[in-house]
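The analysis underlying the following values was restricted to heavy atoms, covering all of them including side chains, and did not include hydrogens, waters or symmetry mates.
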Amino acid sequence: MKEEYNFNLTLPLADLDAAMLVLDEARATYPDMRLSRKPDRHGNARFYLCFPYHGVRTDLRFGEWFMARNTKNWELFGPNYGIWGLS
């Protein structure tokens, strides 16, 4: 089992292209980040962003990094602690 900290990102489907640019930049900045798309709900796209825990938290600056780029007031919730997969 792998420990991680995760975020949930929700944004309007109309902003999906802009979000993909920000998420691509996040992947380049945080190469260990695991990104998955959750099912769309109520006209919103939803994403799950996971940062592995390797004895130190790799997500500590992500919230601040993201908020500096969040010009459309997308909803970012987290970080939440979790365990993913089998080792």
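- The hydrophobic cluster containing Met20, built from Ile/Leu/Val/Met/Phe/Trp/Tyr side-chain heavy atoms closer than 4.5 Å, also comprises Phe7, Leu9, Leu11, Leu16, Val22, Leu23, Tyr30, Met33, Leu35, Phe47, Leu49, Phe51, Phe62, Trp65, Phe66, Met67, Trp74, Leu76.
- One finds the CG atom of Leu21 at 12.5 Å from the CZ atom of Arg69 (value rounded to the nearest 0.5 Å).
- Separation of atoms NZ (Lys2) and NE2 (His54) is listed at 8.0 Å; rounding is to 0.5 Å.
- For Arg46 (side chain) and Thr10 (main-chain N/O), no donor-acceptor pair under 3.5 Å exists by modelled atom type.
- Going from atom NZ of Lys72 over to atom CG of Asp15 covers 4.5 Å, rounded to the nearest 0.5 Å.
- Across all their heavy atoms, Pro52 and Asp32 have their closest contact at CD-O, 3.3 Å.
- For Arg61, there are no salt bridge (charged side-chain N to carboxylate O under 4.0 Å, His left out) partners at least two apart in sequence or on another chain.
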Q.
With side chain to side chain contact (heavy atoms under 4.5 Å, CB included) as the criterion, how do Asn44 and Arg41 come out once you've worked through the C-alpha distance, each side chain's angles and the decisive distance to 0.1 Å?
A. CA-CA 5 Å; Asn44 290 314; Arg41 286 183 71 189; 5.7 Å; no

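- For Tyr48, the side chain to side chain contact (heavy atoms under 4.5 Å, CB included) test picks out Glu4, Asn6, Asn8, Ser36, Lys38, Cys50, with sequence neighbours left out.
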